Amino acid sequence: MANGMKIRAQLKNGVTEVKVLMSHPMETGRRKNDFGELEPAHFIQLVTATLNGKTVMEAQWGTGISKNPYLTFRLRNAKAGDRIGVRWTDNKGQGDAIETEVISA
Amino acid sequence: MNDSRRSFIQAGVALLGLMALAPLKALAAIWNKPAFESTSVDGALAGLDAKSPQPSKDIVLSAPDLAENGAIVQIEVESRIPNTEAIAIISDKNPTPLIANFVFSEGVDPYVVTRIKMAETSELRAVVKAGGRYFMASRKVEVAVGGCG
């Protein structure tokens, strides 16, 4: 799943807004495919955000997050050049991670 | 001290170090299966340990009044309640109503924007944990085409 994520962290008036896009099917386990078979559940369960390596936000997700999940969150204590990381893990134990630098707007 | 004993001790020290770095409130890392797999709102709230959340006007829950496509409904939640620790999102009529639970550390605003699936026209709720208590805001979202396939 390399390059399956996008991230941007922009600092403006003391607030860093982080926008993240993840590539994931987010299958609920209730959808039938073109062959009439149920697609097994496959969804992100944990999302962790870090600031310079320290965890600042953790999310648990169910199957109700849309396919190719999108997330915005805001930090108060980040400076330009700080490192923001986001990683996810799904119910199959797969995962992906991305990191970016805080950019001053 | 022989090498294998030394590496054993080093591994033990490293493990202790990892344990010391326990995540926020040591909540996460273990997916809340009972809450997320519950098929009722009450079950989801019980799984979150959110007993009888109090209605609050200090939770701003933004969502479209009419969602054309229930597969992608963009929502925004902001809590203005001091010491907000977590925000959970619940769509009452989804097969499993609990959608997400976000836990924040200091320095992170209790604010999220994300996109959710809604099975049908339903109440949408944001449940906030602050200072060990639970608060809630809700609004109705009309869904034209359900998105929980």
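Numbers restart at 1 for each chain; the letters A, B, ... are given by sequence-line order, proteins then strands. None of these values were measured; they are calculated from a predicted model.
- A distance-only check finds a donor-acceptor pair linking the side chain of B:Thr114 to the backbone of A:Tyr70 [under 3.5 Å].
- Counting only distance, with no hydrogens or angles, the side chain of A:Ser66 and the backbone of B:Ala71 share a donor-acceptor pair below 3.5 Å.
- Put simply, of B:Pro95, B:Ala86, B:Ser91, the one with the most heavy-atom pairs under 4.5 Å next to chain A is B:Pro95.
- To the nearest 0.5 Å, the span separating CD on A:Gln60 from CD1 on B:Ile99 amounts to 14.5 Å.
- Considering only heavy atoms from C-beta on, A:Thr28 comes within 4.5 Å of B:Lys117 through its side chain.
- No side-chain heavy atom of B:Asp109 sits under 4.5 Å from any side-chain heavy atom of A:Leu75.
- Residues B:Trp31 and B:Ile87 fall within the same hydrophobic cluster, defined by Ile, Leu, Val, Met, Phe, Trp and Tyr side chains chained together at heavy-atom separations under 4.5 Å.
- Counting heavy-atom pairs closer than 4.5 Å to chain B, the top residue among A:Val18, A:Ile65, A:Leu71, A:Asn77 is A:Ile65.
- The neighbour count for B:Arg133 CZ, taken as heavy atoms of other residues, nucleotides or ligands under 6.0 Å away, does not exceed 12.
- Counting heavy-atom pairs under 4.5 Å between each of A:Lys19, A:Met26, A:Lys67 and chain B puts A:Met26 at the top.
- Counting only heavy atoms from C-beta outward, the side chains of B:Arg115 and A:Pro69 never approach each other to under 4.5 Å.
- Counted within 6.0 Å of CZ on B:Arg80, heavy atoms from surrounding residues, nucleotides or ligands total 12 or fewer; the atom is thus considered open.
- Two residues are said to be in side-chain contact when any heavy atoms from C-beta on lie closer than 4.5 Å; A:Val47 and B:Phe102 fail this criterion.
- Separation of atoms CE (A:Met57) and OH (B:Tyr111) is listed at 12.5 Å; rounding is to 0.5 Å.
- The residue among A:Lys54, A:Gln45, A:Arg76 with the most heavy atom pairs within less than 4.5 Å of chain B is A:Gln45.
- B:Val113 is not connected to B:Val108 by any chain of hydrophobic side-chain contacts under 4.5 Å among Ile, Leu, Val, Met, Phe, Trp and Tyr, and they are in different clusters.
- The side-chain heavy atoms of A:Thr63 and B:Thr96, taken from C-beta on, include a pair separated by under 4.5 Å.
- Linking ILVMFWY residues whenever their side-chain heavy atoms come closer than 4.5 Å, directly or via other members, places A:Ile44 and A:Ile7 in the same cluster.
- For A:Trp61 against B:Ala100, the heavy-atom pair with the smallest separation is CD1-CB, 3.6 Å.
- Residues B:Ile81 and B:Leu61 share a hydrophobic cluster, clusters being chains of Ile/Leu/Val/Met/Phe/Trp/Tyr side chains in contact below 4.5 Å.
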